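Have a look at the structure below before the remarks.
We use all heavy atoms of the structure for the numbers below, so side chains are in, but hydrogens, waters and symmetry mates are not. From a predicted model like this one, the values you see are computed outputs, not experimental measurements.
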Amino acid sequence: MSATNDRKVVINKRQKGLSREALGELSQTELIDKIVQLEAYNFQLRNLLHKKLTEHDRSNAEYAELLGKETAATATAPKETTTHSGKVKKQRKFDWSIAHQRHVLLKLTYFGWDYQGFACQEDSNDTIESHLFRALTRTCLIESRATSNYHRCGRTDKEVSAFCQVISIDLRSKHTPDTQLEPASLSSEIDYCGLLNRVLPKNIQCVAWMPLRSPVYSARFDCTSRSYRYYFPKGDLDIEAMREACKLLVGHSDFRNFCKMDVHNGVTKFIRNLQAARVEPCVEMLNNSGYDMYYLEIQANAFLWHQIRCIMAVLLLVGQRRELPRIVSDLLDVETNPCKPQYTPALGLPLNLFHCNFRDTTTRKLNLPADGAEDDEAMDTSAMDVESSESSAEEKDITSWIYNEENLEKLIENIQCEWTEFSVKSTMIRNVLQQLEHLLEKNYHIKERVTAQVILLQDSVKPREYQPLLERKRCESLENRIEHFVKKQRLIVKDES
């Protein structure tokens, strides 16, 4: 293990393309060849994007311009809209030179099962972040993502939802910076949540916003803990065994055997502070059947890629009595087990970013880059806590969440409609199951009921004979992966001494 302790592994940020000096030394023929290659690559990217877009997206002016469907004249001309009376009305371009801005936190809630994850992707526009920035630019709350001083608290994967996703961003304001925190200014400020919710999809909504005193306060780097919940049915699981295993997860540990290693992106340190882990029922009154719903709640300073899904996969094996609770301690012992056994992470759909905690005062400096590129690895924020308890309310960078009664009522209405749709489906399926289970008991006098509710969560092929985790084939070691990407010139190893 000492191979990586005294060395620092960083991404090799090679220059993309030739410098101006190198291009100046090329001949005319070589320059023409390079232009032809770039145009061919651009054509491939445009075709790839075109396949990913829906019909609604293709009619969007932003994508039409990107796909080259606008002429030079129409691209520079003012946009035109048709009113109800049939008259053509020209839209004036927003003048950002006279606009005021304020730094805020936005609290978002979304159901991620219809999206390709939270973060923007090159080959898909169907992400939460893509919808969010289209709404922000359409409502003229930001000029562009690049100039918005944007950070996100968490990066949820495909199908993963969030009740409390928080972002920090600079938004347009009605008021000058010196008066923005006055009560009158806060009460008369732009209704950020209401404005965004009118153009966002119904399953992506803004819940509240918070004015910030510091312009560098970051939803990512100033978050002290994040809590996720993973919902699951009881099925045939031994809940007490799972709770016993959860206790072994808590503390500072190396979780390389409970994640998908992201070495190629420079993540080579896997120690995280897991602050709490518990399994609780979703409701107080249980029916003592396989259909009772529980959740695993995990709180930590930061998480690794697929960490909770891998933890849940192991806990499911413990709950099915295929592994003993001490398997958690065995996998956390990276001296004895430096290589992860091969197993499939649990399904992503039941996972929810449930809550986030933030420090009162930022630890970031005013001269940091706005894009937050200080460190791509997750930060151990617990070691950076400031003595906020001794500071007064005026010294805090955070203030209070601002809610709007009408927006909350509309949000509840939307989610109640979602609840109705899925509850009706769930009730219909449950009634069918009751009829089928009654037929099985009546005709065959079975001793035990079928309890296969958790099979879906184990997103893998069910083997005929179970093979214990520690006897399975192992993945590559961390050192081998680092060496592989160093040879590929993706990473550079530096001697910290």
Side-chain angles (χ1 to χ4, degrees), residues 109-114 154 156-164 226-250 255 258-260 274 276-300 303-325 327-328 331 343-355 418-419 422-423 425-427 429-430 433-434 437 448-463 466 469:
T109 183
Y110 55 84
F111 298 112
W113 42 66
D114 292 330
T156 55
D157 293 328
K158 179 181 178 181
E159 296 185 335
V160 178
S161 302
F163 172 69
C164 185
R226 300 158 175 87
S227 296
Y228 281 84
R229 284 188 177 183
Y230 192 102
Y231 297 86
F232 63 96
K234 182 179 183 299
D236 59 347
L237 299 176
D238 184 345
I239 299 299
E240 289 306 317
M242 296 176 72
R243 285 173 172 162
E244 187 179 342
C246 280
K247 296 176 183 177
L248 303 175
L249 288 165
V250 178
F255 285 91
F258 286 97
C259 72
K260 188 173 181 180
L274 207 151
R278 61 195 183 104
V279 173
E280 298 293 340
C282 292
V283 294
E284 293 183 4
M285 298 297 293
L286 298 176
N287 297 320
N288 195 26
S289 74
Y291 297 100
D292 290 338
M293 292 299 296
Y294 286 78
Y295 63 83
L296 165 71
E297 182 168 335
I298 292 184
Q299 178 179 320
F303 290 95
L304 298 162
W305 191 20
H306 290 179
Q307 182 179 352
I308 298 177
R309 292 172 59 188
C310 288
I311 288 175
M312 190 63 200
V314 174
L315 290 180
L316 288 174
L317 294 175
V318 172
Q320 292 171 325
R321 302 178 186 85
R322 293 180 172 179
E323 299 285 349
L324 295 174
I327 187 64
V328 171
L331 292 176
Y343 63 90
T344 306
L347 194 70
L349 186 143
L351 189 57
N352 185 355
L353 175 57
F354 193 75
H355 187 68
E418 292 272 339
W419 175 86
F422 288 101
S423 291
K425 291 179 179 180
S426 175
T427 303
I429 294 172
R430 185 74 179 93
L433 283 169
Q434 288 172 341
E437 288 169 349
E448 293 184 2
R449 291 190 173 188
V450 178
T451 53
Q453 291 91 340
V454 300
I455 288 180
L456 175 69
L457 305 181
Q458 296 170 303
D459 192 17
S460 60
V461 178
K462 187 177 180 180
Y466 178 74
L469 282 175

For this session: Hey, could you give me the CG/CG distance between L248 and L274, rounded to the nearest 0.5 Å?
Result: 11.5 Å
For this session: Go through the steps to decide whether L433 and Y291 satisfy the test side-chain contact (heavy atoms from CB on, under 4.5 Å), and finish with yes or no.
Result: CA-CA 11 Å; L433 283 169; Y291 297 100; 3.5 Å; yes
For this session: Under the salt bridge (charged side-chain N to carboxylate O under 4.0 Å, His left out) rule, collect the residues that match up with E240, sequence neighbours excluded.
Result: R243
Exercise. Listed by chain and number, what are the side chain to side chain donor-acceptor pair (under 3.5 Å) partners of S426, not counting sequence neighbours?
Worked result: none
For this session: Quick one: sort the Y228 and F303 rings into parallel, tilted or perpendicular, breaks at 30° and 60°.
Result: perpendicular
Seminar exercise, completed: Taken to the nearest 0.5 Å, the spacing of R309 CZ from T344 OG1 works out to 10.0 Å
For this session: Could I get the full list of side chain to side chain contact (heavy atoms under 4.5 Å, CB included) partners for L349, not counting sequence neighbours?
Result: W113, E159, L347
Would you list the atom pairs, donor with acceptor, under 3.5 Å between side chains in residues 448-457 and any protein atom, with sequence neighbours excluded?
from : atom 1 : to   : atom 2 : distance (Å)
R449 : NE     : E441 : OE2    : 2.7
R449 : NH2    : E441 : OE2    : 3.3

For this session: Could you tell me the separation between the CD1 atom of I239 and the NZ atom of K234, rounded to the nearest 0.5 Å?
Result: 6.0 Å
Exercise. Which distance, rounded to the nearest 0.5 Å, do you find between the CD1 of I298 and the SG of C246?
Worked result: 6.5 Å
For this session: Return yes if some donor-acceptor pair links the side-chain N/O of S227 with the main-chain N/O of A300 below 3.5 Å, else return no.
Result: no
Problem set entry | Nearest non-hydrogen partners of L249 and F255, listed with the distance | O-CZ, 3.6 Å
Exercise. Going through the checks in order, is the side-chain contact (heavy atoms from CB on, under 4.5 Å) test met by E323 and V314?
Worked result: CA-CA 8 Å; E323 299 285 349; V314 174; 5.9 Å; no
For this session: Could you give me the CA-CA distance, side-chain angles and deciding distance for L351 and D157, then say whether side-chain contact (heavy atoms from CB on, under 4.5 Å) is met?
Result: CA-CA 9 Å; L351 189 57; D157 293 328; over 6 Å; no
For this session: Might you point out which heavy atoms bring M242 and G319 nearest each other, and give the distance in Å?
Result: CG-CA, 3.6 Å
For this session: Identify the two heavy atoms, one from V318 and one from A241, that lie closest to each other, and give their separation to 0.1 Å.
Result: CG1-O, 3.6 Å
For this session: First locate atom CG of L331, then atom CD1 of I311, and finally report the distance between them rounded to the nearest 0.5 Å.
Result: 10.5 Å
Exercise. Does the Q458 side chain pair with the main chain of L316, one donor and one acceptor, at a distance under 3.5 Å?
Worked result: no
Exercise. Can you name the salt bridge (charged side-chain N to carboxylate O under 4.0 Å, His left out) partners of D238, sequence neighbours left out?
Worked result: R321
Exercise. Any side-chain heavy-atom pair from F258 and L304 closer than 4.5 angstrom?
Worked result: no
Exercise. What is the minimum heavy-atom distance between F232 and L296, and which atoms define it?
Worked result: CE2-N, 3.7 Å
Exercise. Can you find a heavy atom in the side chain of M293 that is under 4.5 Å from one in the side chain of P233?
Worked result: yes
For this session: I would like to know whether L317 and I327 meet side-chain contact (heavy atoms from CB on, under 4.5 Å); could you show each step before the answer?
Result: CA-CA 10 Å; L317 294 175; I327 187 64; over 6 Å; no
Exercise. Would you say F163 has more than 12 foreign heavy atoms packed within less than 6.0 Å of its CZ?
Worked result: no
Exercise. Which atom pair, heavy atoms only, marks the closest approach of Y110 to V160?
Worked result: CE1-O, 3.7 Å
Seminar exercise, completed: Hits for salt bridge (charged side-chain N to carboxylate O under 4.0 Å, His left out) against E297, two or more places apart or cross-chain, chain-then-number order -> R229, R278
Problem set entry | Shortest non-hydrogen contact between A162 and N352, atoms and distance | CA-OD1, 3.1 Å
Problem set entry | Side chains of Y295 and P350 in contact at under 4.5 Å (non-hydrogen atoms) | no
